[in-house]
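Accompanying notes for the structure given below.
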Amino acid sequence: MSGAIGGAMGGRARIEARFAKLRDEGRAALVTYVMSGDPDLATSARILAGLPAAGADIIELGLAFTDPMADGPSIQVAGLRALKAGITLKKTLAMAAEFRARDTETPIILMGYYNPIHSFGVEAFLAAASASGIDGLIMVDLPPEEDDELCRPALDAGLSFIRLATPTTDDARLGAVLANTSGFVYYVSYTGITGAGSADADTVGGAVARIRRHTDLPIAVGFGIRTPEQARAIAAVADGAVVGTAFTDAVRDSLDDGGNATMDTVDAVLNLTRELAAGVAAGRKRAAS
Amino acid sequence: MSKPNSYRTGPDGAGRFGIHGGRFAAETLMPLILELEKEYRAAQNDPGFREELDYYLKHYAGRPSPLYFAQRLTEHFGGAKIYFKRDELNHTGSHKINNCLGQILLARRMGKTRIIAETGAGQHGVASATVSALFNLPCTVYMGEVDVERQQPNVFRMKLLGAEVVPVNSGSRTLKDALNEAMRDWVTNVDDTFYIIGTVAGPHPYPELVRDFQSVIGEEAKEQIMAAEGRLPDTLVACIGGGSNAMGLFHPFLDDAGVELHGVEAAGDGIETGRHAASITGGRPGVLHGNRTYLLQDDDGQITEAHSISAGLDYPGIGPEHAWLHDMGRVRYVAATDAEALEAFQLCSKLEGIIPALEPAHALAHVARIAPDLPKDHVIVMNLCGRGDKDIFTVAEMLGVKI
């Protein structure tokens, strides 16, 4: 279904339109992961609102969970800050809807773990997510083996389901991983948790080339990208660079001793976005030349 | 839900027990999880694997464990005949060694060179460290900081055995967080590392293979009670955190319709206080740690903290096969409080000369409730799945004794 706010361009179509536009501009996407509700709901909404103008092409909105098994300490703690500040799935969707009312072009991907959605109810969630202008889902703990849970219903509802491909996803398995993937493919640059390693552009380039032999979808790369220089290197070999931990770090470093947002919090995130966007832009130009 | 022809055929090909179970794991782990399943099927069909496991169970772990008629407790309660399945007499002091021996043999088959494990009370950590020492593999055990504090003897044991113990300071700093951290290690070191999960939970095929390795408890108990009483027991009782000792005892009896099965969860301060670890009694289905099962969670699907005097039961979930057996009504799930367990702990020590772990003390607390009103020819078999040496500091503190 298409939500009233999302309009006909919502869901998968909005993601496709964004990648088409980037292709025309000859550059890769900067995909920014921010934790919904971190460090508090109002500040988080201001960060979200400011991301597109600062250079974010696609927004991954982190759905806080008490037990994020694939995340490193920075994103774990960001989620706990958000939960402490009162974030819920419902409030996350409301935040997305508020964003969508002013920006109809920047795709929002909800990223997290399945249980909050399981608890909400899949059907009710998909209706609410579409109506809130959510365009796609990345669910860390839903591999292809569990596609009946959320992936297929989400695709039926017009949302993209973006799968993680990893260094352990061999050619034999890649078909299954790509089968119900839409919007783009998210390549995880190393085996490990978020924020723990560093993406190596040469290795990633080889992996992206391998995945390209199996799909026409854009391929974004995440895990281990935190500096403009890394973003540039990855943007030269992939269709998008995903940055997450650097943002939760930026939020954390901006807080006062009591863990509250300061005057600097929003700027810390948006300035980092600008720097990364410049890096991504430089990457593709170099690749083209 | 209709009654199945057999309760012993699960899981299905997707790792489901009814709606529970499954493979809710990160993509990085999926190839390994599928490989583990393949390797486990091969091991099941390899007589050499079973032979080697049986050898170590007998000569290293000391199986079979005795089935002991607890005469003084029976007289004390004045009703049903109470038998203990003495799995606390195993090497390392609990049933955990049964599973660890099975899994480390699988790890060796798969050519893995490093072992990781999570632990709550430290019993599984000790058992993992033990088999790692035996087979000369490095072992890292994740343990919540709270549990490190209350289970010092086991922490020291693990270190003596050569394992590295990593205190986990995230979340509630107990078993669930140790599991999270072990999963994070696993996803990082997926190439060389084997994760020995300690209970009948996690992504398929773990619930199945841990159950199979623990079923030796029930298989022995069945033979032993036939020898002692000439018939099957009327009631089996076992405590449940994740539920591996209970599943091991229950599984061989699931299709014996006349045998009642009681699983005892930890009620902590009392179910009504919200401070408990009883995921079936006080939770609802959700997805965590690779499987769907009953979980303690809030209205938004956030996992809530479990509370129990027993570190081994202090977990907000339960194995998915238990969740299904609850849905089917085959097993009756009840709960016992900290206070009830503490009383049973002391009673067992004084009357039988057996200091039980706080975990099976919960099972005994339930036995204490039901035994007096049952006829004298009613036979109860309770799994005394661990010994209490590790708990004496916790108990002393609860009793206001300084040691």
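Numbered from 1 within each chain, the chains take letters A, B, ... in sequence-line order.
Of the atoms belonging to A:Ile87, it is backbone heavy atoms, and not side-chain ones, that fall under 4.5 Å from chain B. Contacts of B:Leu179 with chain A are absent, with no heavy-atom separation under 4.5 Å from either backbone or side chain. Using a 4.5 Å cut-off between heavy atoms, A:Pro167 makes no contact with chain B at all. Residue contact with chain B, scored on non-hydrogen atoms closer than 4.5 Å, involves the side chain of A:Leu83 exclusively. Interface remark: B:Asp177 contributes side-chain atoms only to the contact with chain A (heavy atom separation under 4.5 Å). The parts of A:Phe65 that come within reach of chain B are both its backbone and its side chain, each placing non-hydrogen atoms under 4.5 angstrom from that chain. With a threshold of 4.5 angstrom between heavy atoms, B:Ala25 approaches chain A through N, CA, C or O but not through any side-chain atom. Heavy atoms of A:Val177 lying under 4.5 Å from chain B belong exclusively to its side chain.
When all heavy atoms of A:Asp71 and B:Arg184 are compared, the pair lying nearest together is O-NE, 3.0 Å. Taking both residues in full, the closest heavy atoms of A:Thr168 and B:Pro31 are given as O-CG, 3.2 Å, listed atom of the first, atom of the second, then distance.
In terms of modelled atom types and a separation under 3.5 Å, the side chain of B:Gln302 and the main chain of A:Thr66 share a donor-acceptor contact. The main-chain N or O of B:Gly301 is found under 3.5 Å from a side-chain atom of A:Asn115 such that the two form a donor-acceptor pair. A distance-only check finds a donor-acceptor pair linking the side chain of A:Glu146 to the backbone of B:Arg23 [under 3.5 Å].
Of the listed residues A:Met139, A:Glu145, A:Arg173, the one with more heavy-atom pairs under 4.5 angstrom with chain B than any other is A:Arg173. Ranked by non-hydrogen atom pairs under 4.5 Å with chain A, the options B:Met183, B:Glu181, B:Arg284 are led by B:Arg284. When the candidates B:Asp300, B:Asn180, B:Val187, B:Thr304 are compared by the number of heavy-atom contacts under 4.5 Å with chain A, B:Asp300 comes out ahead. With chain B as partner, the option from A:Pro68, A:Ala64, A:Ser119 having the largest number of non-hydrogen pairs under 4.5 angstrom is A:Ser119. Here A:Asp67 is the residue among A:Leu89, A:Ile193, A:Leu142, A:Asp67 with the most heavy-atom pairs under 4.5 Å with chain B. Of all the listed residues (A:Pro73, A:Gly197, A:Pro116, A:Ala165), the one sharing the greatest number of non-hydrogen pairs under 4.5 Å with chain B is A:Pro116.
Remark: A:Asp170 CG is packed, more than 12 non-hydrogen atoms of other residues, nucleotides or ligands lying under 6.0 Å away. The number of heavy atoms from other shown groups lying within 6.0 Å of CD (B:Glu272) is above 12.
A salt bridge links B:Arg16 and A:Glu149; the closest N-O separation between the charged side-chain nitrogens and carboxylate oxygens is under 4.0 Å.
Atom CZ in A:Phe223 sits 7.0 Å away from atom OG1 in B:Thr28 (nearest 0.5 Å).
Exactly one of B:Leu288, B:Val287, B:Leu295 qualifies for a side chain to side chain contact (heavy atoms under 4.5 Å, CB included) with A:His118. That residue is B:Val287.
Under the rule for a side-chain contact (heavy atoms from CB on, under 4.5 Å), the partners of A:Ser182 that lie at least two apart in sequence or sit in another chain are A:Arg12, A:Leu155, A:Ser160.
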